[in-house]
Amino acid sequence: MHLRRERSRKLIETFKASLTSFACEACGVDMEAIYGPLGAGYIEAHHRIPVAQLEPGQTTRLADLAAVCANCHRILHRNGLMSVEDLAAHLRARRGWPLAAEPRPEDWQGPDKG
Ligand SMILES: [Zn+2]
Ligand SMILES: [Zn+2]
């Protein structure tokens with residue numbers, strides 16, 4: 001169990017190192033746009049397939065991880081493990097964003113921006 005968790009942590013480090021964007025895959029927000037340097041590179045790794053549901057011996061691959069912000073991560077788990085794609089579609093429908101991965105900063109930055 002300990003070994004498995006260590007491996008998982010290593011995988012998550014590799015996953016984060018592989019990211020070229022730190023925008024949330026569900027809502028599209030990059031924390032750096034809101035928090036500035038304090039939020040730069042802040043993202044969470046979400047297992048699309050719950051670790052508990054993996055077959056014995058089956059390992060999580062990079063493709064099984066999704067990069068999501070802390071809020072979306074909670075919402076995903078709060079709703080019976082909603083898929084990242086379903087949450088992204090839900091948010092697009094609510095906000096009219098063209099693509100979850102392409103946030104328009106004017107939609108969520110405060111009046112003091114720039
Ligand atoms: Zn998000
Ligand atoms: Zn998760």
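Everything numeric here is computed off the predicted structure, so don't read it as measured data. Atoms within a ligand are numbered from 1 in the order they appear, just like the ligands themselves.
Among the atoms of H73, no N, O or S atom falls under 2.8 Å of the Zn ion (ligand 1).
Judged by distance alone, the side chain of K16 and the main-chain N or O of I43 form a donor-acceptor pair under 3.5 Å.
The angle that H77 NE2 and H46 ND1 make at the Zn ion (ligand 2), rounded to 10°, works out to 100°. Centred on the Zn ion (ligand 1), the angle running from C24 (SG) to C27 (SG) is recorded as 110°, rounding to 10°.
Heavy-atom neighbours of D86 CG from other residues, nucleotides or ligands within 6.0 Å: above the threshold of 12.
The pair E25-R48 counts as a salt bridge, with a side-chain nitrogen and a carboxylate oxygen less than 4.0 angstrom apart.
Distance SG/C27 to NE2/H90: 12.0 Å, rounded to 0.5 Å.
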